Amino acid sequence: MSDLNALFEAARAVREHAYAPYSNFLVGAALRTPDGTVFTGCNVENASYPVSVCAEGGAVSAMIAAGYREIAEGVVVGDAALCTPCGMCRQRLKEFGTDDLVVHVADLKGIRRSFTMDELLPAAFELEYKKD
Ligand SMILES: O=c1ccn([C@H]2C[C@H](O)[C@@H](CO)O2)c(=O)[nH]1
Ligand SMILES: [Zn+2]
């Protein structure tokens with residue numbers, strides 16, 4: 001199985017765990033770090049709607065909690081609609097994306113479109129900080 005297909009399958013599998021009783025729109029996300037480690041997340045909704053967390057947000061949090069800082073490639077799986085990351089998640093992905101991060105957007109059958117970070121969030125807001 002190719003790396004990309006494995007990433008797609010990871011996103012499709014974690015989507016099954018999504019908690020989305022309000023929208024009924026289940027989403028799974030899988031992120032690959034440059035060393036090939038994969039982190040996943042699904043959307044977790046809440047009766048207080050704005051408290052909900054997107055699949056991408058869960059995956060980024062899992063990656064950071066495990067001590068990783070860079071996303072090389074991502075897959076987001078939804079169904080029906082083209083499930084591009086929301087505006088907040090574009091900013092989240094930008095924070096940790098490598099310069100050549102590509103985000104693939106898929107439905108249950110497979111990848112439908114692929115986007116560079118610059119296509120998702122042109123003229124992104126960034127702050128320089130001292131890394132060492
Ligand atoms: O890329 C996306 C788009 C939507 N959602 C979630 C948010 C909400 O729970 C549901 C409907 O918008 O899908 C994600 O998790 N990721
Ligand atoms: Zn989002």
Side-chain angles (χ1 to χ4, degrees):
M1 196 187 287
S2 75
D3 277 4
L4 182 53
N5 204 35
L7 206 59
F8 167 72
E9 288 300 338
R12 187 164 72 166
V14 73
R15 177 182 169 277
E16 299 292 321
H17 297 157
Y19 175 75
Y22 305 103
S23 72
N24 284 314
F25 191 80
L26 281 61
V27 184
L31 306 175
R32 181 177 60 75
T33 67
D35 78 358
T37 307
V38 171
F39 294 97
T40 60
C42 57
N43 54 334
V44 182
E45 296 186 345
N46 192 279
S48 174
Y49 293 1
V51 176
S52 302
V53 181
C54 291
E56 298 90 324
V60 167
S61 294
M63 182 192 82
I64 296 300
Y68 288 81
R69 290 286 186 269
E70 278 193 319
I71 306 164
E73 194 170 25
V75 174
V76 183
V77 177
D79 198 11
L82 190 67
C83 191
T84 51
C86 77
M88 282 210 307
C89 287
R90 293 175 193 211
Q91 186 73 30
R92 283 196 180 99
L93 293 167
K94 174 71 191 174
E95 185 79 18
F96 303 109
T98 57
D99 286 344
D100 55 357
L101 168 63
V102 173
V103 178
H104 308 278
V105 176
D107 61 19
L108 298 182
K109 293 186 198 134
I111 288 165
R112 290 179 51 181
R113 288 187 61 181
S114 302
F115 299 91
T116 65
M117 195 62 240
D118 201 53
E119 287 171 329
L120 288 176
L121 194 65
F125 177 68
E126 279 186 288
L127 289 176
E128 292 301 323
Y129 64 95
K130 208 160 183 284
K131 291 198 170 157
D132 48 3

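When a ligand or atom number is given, it counts from 1 through the structure's own listing order. As the structure is a prediction and not an experimental result, all values here were calculated from the model.
Within the structure, ligand 1 lacks A20 among the residues with a heavy atom less than 4.0 angstrom away. The closest approach between a heavy atom of V53 and any atom of ligand 1 is not below 4.0 Å.
Atoms CG and OG1, on L31 and T40 in that order, are 8.5 Å from each other to the nearest 0.5 Å.
Scanning the protein for heavy atoms near atom 12 (O) of ligand 1, the closest one is F25 CD2, 4.7 Å. Protein heavy atom in closest approach to atom 11 (C) of ligand 1: S23 OG, 3.7 Å. When hydrogens are left out, the protein atom nearest atom 4 (C) of ligand 1 is V27 CG2, 4.1 Å; that is the closest non-hydrogen contact. Looking only at protein heavy atoms, the nearest one to atom 1 (O) of ligand 1 is E56 OE2, 2.6 Å. What sits closest to atom 3 (C) of ligand 1 on the protein, heavy atoms only, is C83 SG, 3.8 Å. Closest protein heavy atom to atom 9 (O) of ligand 1: E45 OE2, 2.5 Å.
Residues passing the salt bridge (Lys or Arg N to Asp or Glu O under 4.0 Å) test with E45, sequence neighbours excluded: none. Applying the salt bridge (Lys or Arg N to Asp or Glu O under 4.0 Å) test to E9 and every residue at least two apart in sequence or in another chain returns R12.
Tally of protein N, O or S atoms closer to the Zn ion (ligand 2) than 2.8 Å: 3.
At a threshold of 4.5 Å between side-chain heavy atoms, the hydrophobic network of Ile, Leu, Val, Met, Phe, Trp and Tyr places V14 and V38 in two separate groups. V102 and L82 fall into different hydrophobic clusters, where Ile, Leu, Val, Met, Phe, Trp and Tyr are joined by side-chain heavy atoms under 4.5 Å apart, directly or via other members. Cluster annotation: L4 is not connected to V76 through the hydrophobic network of ILVMFWY side chains, with a link wherever side-chain heavy atoms come within less than 4.5 Å.
At least one N or O atom of A55 sits closer than 3.5 Å to an N or O atom of ligand 1.
Between atom 6 (C) of ligand 1 and the options N43, L26, N46, the minimum heavy-atom separation is to N43.
For D35, the CG atom sits in a packed shell: over 12 heavy atoms of surrounding residues, nucleotides or ligands are nearer than 6.0 Å.
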Side-chain donor-acceptor distances from residues 60-75 under 3.5 Å, at least two apart:
{"residue": "S61", "atom": "OG", "partner": "G57", "partner atom": "O", "Å": "3.1"}
{"residue": "Y68", "atom": "OH", "partner": "T37", "partner atom": "OG1", "Å": "3.2"}
{"residue": "E73", "atom": "OE1", "partner": "R32", "partner atom": "NE", "Å": "3.1"}
{"residue": "E73", "atom": "OE1", "partner": "R32", "partner atom": "NH2", "Å": "2.8"}
{"residue": "E73", "atom": "OE2", "partner": "H104", "partner atom": "NE2", "Å": "2.8"}

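Looking at E126, its side chain never comes within 3.5 Å of a backbone N or O of K94 through a donor-acceptor pair. Checked by atom type and distance alone, the side chain of R15 pairs as donor or acceptor with a backbone atom of L26 at under 3.5 Å.
Of all atoms in ligand 1, listed by their number and element, those nearer than 4.0 Å to a heavy atom of P85 are 1 (O).
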Apply the test side-chain hydrogen bond (donor to acceptor under 3.5 Å, both in side chains) to residues D118 and T116: give CA-CA distance (whole Å), side-chain angles for both, the deciding distance (0.1 Å), then the verdict. CA-CA 5 Å; D118 201 53; T116 65; 5.7 Å; no
